[in-house]
S.K.: 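Have a look at the structure that comes next, please.
Basis for what follows: all heavy atoms, side chains included, without hydrogens, waters or symmetry-related copies. Since the structure is predicted, the reported quantities are computational estimates derived from the model, not experimental observations.
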Amino acid sequence: MKSRRFGFLRHYKKIKVEGTGFNHIVNKCIRSGIALRNLKWRDPLESTMEVQGEDFGRLKKLAGHSYKMTVLKEGGAIPVFQSMRANLLTVAGAFLLGAFLFYQSLFVAEIRIDGYRTVTEASIRSTLEEEGLYEGARKEDDYSNVKARLYQEYDEITWVSIYEDGRLIKVNIAEAGREGEASVPEETPVNIVAARSGMIEKITPLQGNAKVQRGDYVNEGDVLISGRYKYQSSDYSRGDKFFYLYSHAKGQVMARIPQQLTYYFEKNVRTMEPTGRKTWAIQVTAGDGSFELGDSRGDYEVSVREETVLLDLVRFIPFTVKLIETEEVTLKERPREMKELRRVTEAAIRQYGKENLEQGEDILSSTMDFYEEENVIKVNVLLETLQDIGAEKEIKVKKEEKSQQERIEE
C-alpha cells in the first residue's frame with residue numbers, strides 16, 4: 001500500500017505489528033490520512049510496514065491495546081541529525097575530559113617528605129608552604145627557590161632533592177651528622193678525647209685504657225680513653241726498654257656540663273577581648289580563582305579572622321570551600337605574671353633539650369634568675385646537663401714507633 005511517497009530526508013519508521021484483524025487498522029489509516037509504505041503480511045498474526053515519524057503516534061492510538069508494535073528501523077533526516085549530534089557530543093565530551101585531566105595535572109595532589117631526622121616534618125612542610133609548595137598548589141617548572149630556602153632555614157640539611165612523579169611531589173633530604181661524629185676507620189689508632197669541658201659522671205671503656213674517673217673535671221681536648229699501650233719487652237735481646245702498642249679506642253664518657261641560656265620577654269602581655277560583633281563569609285577557591293560570598297573584612301579597626309574548611313578536594317581540580325568568621329576585638333595590656341614567665345621559660349628549656357640533646361643525654365637541673373630591663377624581662381638560665389663528651393682523635397704515631405708496632409704484629 002502506498003498512500004503517498006516518502007521524501008528522501010523525511011523521517012520514517014519501519015515497524016512490526018503483531019495481532020489479528022489488521023485490515024481494520026489499515027482502513028482506519030486510509031480514512032485518517034496516515035501513509036503506510038512497504039506493507040507486507042508475513043502471516044495472519046504478523047505484518048511489517050513503514051510509517052512517517054509524525055504519524056507513528058497516531059497509528060499507535062488507532063491500534064489501541066489490541067496490537068503489539070515494535071520499531072525495527074528508523075530513517076530520514078532526523079536520525080541522521082541525531083547521530084551527528086551524538087557524535088558531536090561525544091567529541092565535545094572527550095575534549096572536555098582531556099582538558100579537565102590536563103588542568104588537574106597542573107596541581108599538586110600530594111607531597112611526600114623522606115630523609116629527615118632532627119628536623120620535623122611539620123616544620124619542613126611549613127617552610128615549603130611559605131615558598132608556595134603545598135597540596136593543591138600549581139606545580140612549578142623549577143624548585144630551586146624551595147631548595148635554597150630549605151638550605152637557608154635549616155643548618156642541619158646538607159642535601160635536598162625535589163622531583164615530580166605525576167601529581168606527587170617527592171622531597172628527599174639529608175642531614176649532617178652531629179659535630180665530632182665523623183667516623184675514623186677501625187684500623188686507625190685513636191684516643192677518645194673530651195669534645196667539651198665538664199665533670200666526669202660515668203666512663204665505660206670498651207677498648208683502650210681509661211685515663212679519668214668519676215668526679216674528675218676535664219677540659220676540651222683531654223684524653224679520656226687512650227688507645228696507646230705501654231709495655232716492657234720480654235725479648236732481652238732488645239734490652240729493657242718500654243715500647244708502645246696502638247689501638248682504636250672505644251667507649252662512652254658521660255659528663256656533667258654547665259650551660260647558660262638567656263631569654264627575653266616583654267614586660268606586658270597584649271590581650272584581645274571580643275566585643276561581640278562578628279561577620280561571616282563563604283570563600284570558594286577553584287584552581288587559581290577565588291571569590292567570597294559575604295563580608296569577611298567588616299569595618300572593624302582590630303579583628304580576629306578564623307577559617308573553617310568545609311570542603312577540600314585536591315585529587316582532581318583543587319577545590320576548597322571555607323567558612324570565614326571575623327570577630328571584632330579590643331587590645332589591652334597587662335603586666336606579665338612571674339608564674340607565667342616561669343612556665344614559658346620551662347617550656348623553652350624543654351624545647352632546647354629536644355633540639356640539642358641526643359638519646360641518653362638529659363637535663364639534670366636548672367636555675368632561673370629574672371632581671372627587669374627597659375620594656376623587657378631578662379631570664380638567665382643555668383643548666384646542668386648530662387652529655388656524652390667523647391670524640392675520636394687520631395693518634396699521630398712517630399715513624400720509629402710505627403716500625404716497632406709493625407714488628408710486633410708480625
S.K.: Do NZ/NE/NH1/NH2 and the carboxylate oxygens of Glu325 and Arg305 come within less than 4.0 Å?
M.R.: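 Looking at Arg305 together with Glu325, the answer is no, because their closest N to O distance does not fall below 4.0 Å.
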S.K.: Could you state the interatomic distance from OG1 (Thr308) to CD (Gln283), rounded to the nearest 0.5 Å?
M.R.: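 Between atom OG1 of Thr308 and atom CD of Gln283 there are 12.0 Å.
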S.K.: Counting only heavy atoms not in Lys332, do more than 12 fall under 6.0 Å of its NZ?
M.R.: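 For Lys332, atom NZ is not crowded (no more than 12 foreign heavy atoms under 6.0 Å).
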S.K.: Is there a side-chain contact between Ile192 and Glu392, using heavy atoms and a 4.5 Å cut-off?
M.R.: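 With C-beta onward as the side chain, the pair touches.
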S.K.: Does the pair Arg277 and Glu327 meet the rule for a salt bridge (charged side-chain N to carboxylate O under 4.0 Å, His left out), with working shown?
M.R.: CA-CA 6 Å; Arg277 299 176 62 194; Glu327 183 176 18; over 6 Å; no
S.K.: Under the 3.5 angstrom rule, does the side chain of Thr204 hit a backbone N or O of Gly251 as a donor-acceptor pair?
M.R.: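 Absent.
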S.K.: When rounded to the nearest 0.5 angstrom, what distance separates CZ in Arg149 from OG in Ser144?
M.R.: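 Going from the CZ atom of Arg149 to the OG atom of Ser144 covers 14.0 Å.
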S.K.: About how many Å separate NZ of Lys202 and CG of Leu386, when rounded to the nearest 0.5 Å?
M.R.: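 Reported to 0.5 Å precision, the distance equals 9.5 Å.
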S.K.: Say whether, by atom type as modelled, one donor and one acceptor occur between the side chain of Asn191 and the main chain of Ser226 under 3.5 angstrom.
M.R.: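 Checked: no pair found.
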S.K.: Are Leu323 and Ile282 close enough that some pair of their side-chain heavy atoms sits under 4.5 Å apart?
M.R.: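 Contact flag for Leu323/Ile282 side chains = yes.
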S.K.: Would you check if Leu133 and Glu140 make a side-chain contact, meaning some heavy-atom pair closer than 4.5 Å?
M.R.: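 Leu133 vs Glu140: side chains apart.
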S.K.: Table please: side-chain donor-acceptor pairs of residues 159-166 below 3.5 Å, with sequence neighbours left out.
M.R.:
| residue | atom | partner | partner atom | Å |
| --- | --- | --- | --- | --- |
| Glu164 | OE2 | Tyr143 | OH | 3.0 |

S.K.: Counting neighbours of NZ on Lys147 that are heavy atoms of other residues, nucleotides or ligands and sit closer than 6.0 Å, is the number greater than 12?
M.R.: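 Yes - once you tally the heavy atoms of other residues, nucleotides and ligands closer than 6.0 Å, there are more than 12.
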S.K.: Please assess Phe56 against Val71 for the test side-chain contact (heavy atoms from CB on, under 4.5 Å), listing each intermediate value before the final yes or no.
M.R.: CA-CA 10 Å; Phe56 179 66; Val71 177; 3.9 Å; yes
S.K.: To the nearest 0.5 Å, what is the distance between OG1 (Thr127) and CD (Gln152)?
M.R.: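 That separation rounds to 10.0 Å.
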S.K.: A side-chain contact here means heavy atoms from C-beta on lying under 4.5 Å apart; do Glu201 and Arg214 qualify?
M.R.: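 Glu201 vs Arg214: side chains touch.
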S.K.: Can you name the nearest heavy-atom pair linking Arg228 to Asn209, along with the distance?
M.R.: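 The answer is O-ND2, 3.8 Å.
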S.K.: Apply side-chain contact (heavy atoms from CB on, under 4.5 Å) to residues Ile157 and Tyr151 and explain how you reach the verdict.
M.R.: CA-CA 6 Å; Ile157 295 179; Tyr151 286 131; 4.2 Å; yes
S.K.: Do Thr279 and Tyr300 have side chains that get closer than 4.5 Å, going by heavy atoms?
M.R.: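 They are in contact (side-chain heavy atoms under 4.5 Å apart), so the answer is yes.
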S.K.: If we ignore hydrogens and angles and just use 3.5 Å, is the side chain of Tyr154 paired with the main-chain N or O of Ser123 as donor and acceptor?
M.R.: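 Here the side-chain-to-backbone pair exists.
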S.K.: Could you go through the side-chain contact (heavy atoms from CB on, under 4.5 Å) check for Leu128 and Ile113 one step at a time?
M.R.: CA-CA 11 Å; Leu128 296 178; Ile113 304 174; 4.0 Å; yes
S.K.: Answer whether the closest heavy-atom distance between the side chains of Gln387 and Gln259 falls below 4.5 Å.
M.R.: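 Sidechains of Gln259 and Gln387: in contact.
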S.K.: Can we say Glu333 and Arg270 salt-bridge, meaning some charged N sits less than 4.0 Å from an Asp/Glu carboxylate O?
M.R.: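 Salt bridge between Glu333 and Arg270, a charged N being under 4.0 Å from a carboxylate O: yes.
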S.K.: Mind listing the side-chain donor-acceptor pairs of residues 362-384 below 3.5 Å, one per line with the distance, residues two or more places apart or on another chain?
M.R.:
| residue | atom | partner | partner atom | Å |
| --- | --- | --- | --- | --- |
| Asn380 | OD1 | Thr262 | OG1 | 3.3 |
| Glu384 | OE1 | Arg256 | NH1 | 3.0 |

S.K.: Would a 4.5 Å heavy-atom cut-off, applied to side chains only, mark Glu306 and Val304 as touching?
M.R.: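 Result no, sub-4.5 Å side-chain heavy-atom pair not found.
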S.K.: Between Arg125 and Glu135, is there a side-chain N and carboxylate O pair less than 4.0 Å apart?
M.R.: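 Yes.
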S.K.: Would you mind reporting whether Glu358 and Asp388 have side-chain heavy atoms less than 4.5 Å apart?
M.R.: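 In short, these two side chains do not touch, never coming nearer than 4.5 Å.
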S.K.: Please report the C-alpha distance between Ile389 and Leu224 in whole Å, then the side-chain angles of each, then the deciding distance to 0.1 Å, and finally whether the side-chain contact (heavy atoms from CB on, under 4.5 Å) criterion is met.
M.R.: CA-CA 9 Å; Ile389 64 171; Leu224 307 177; 4.0 Å; yes
S.K.: Among Thr330, Leu331, Thr275, which one satisfies side-chain contact (heavy atoms from CB on, under 4.5 Å) with Val302?
M.R.: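 So the option named by the test is Leu331.
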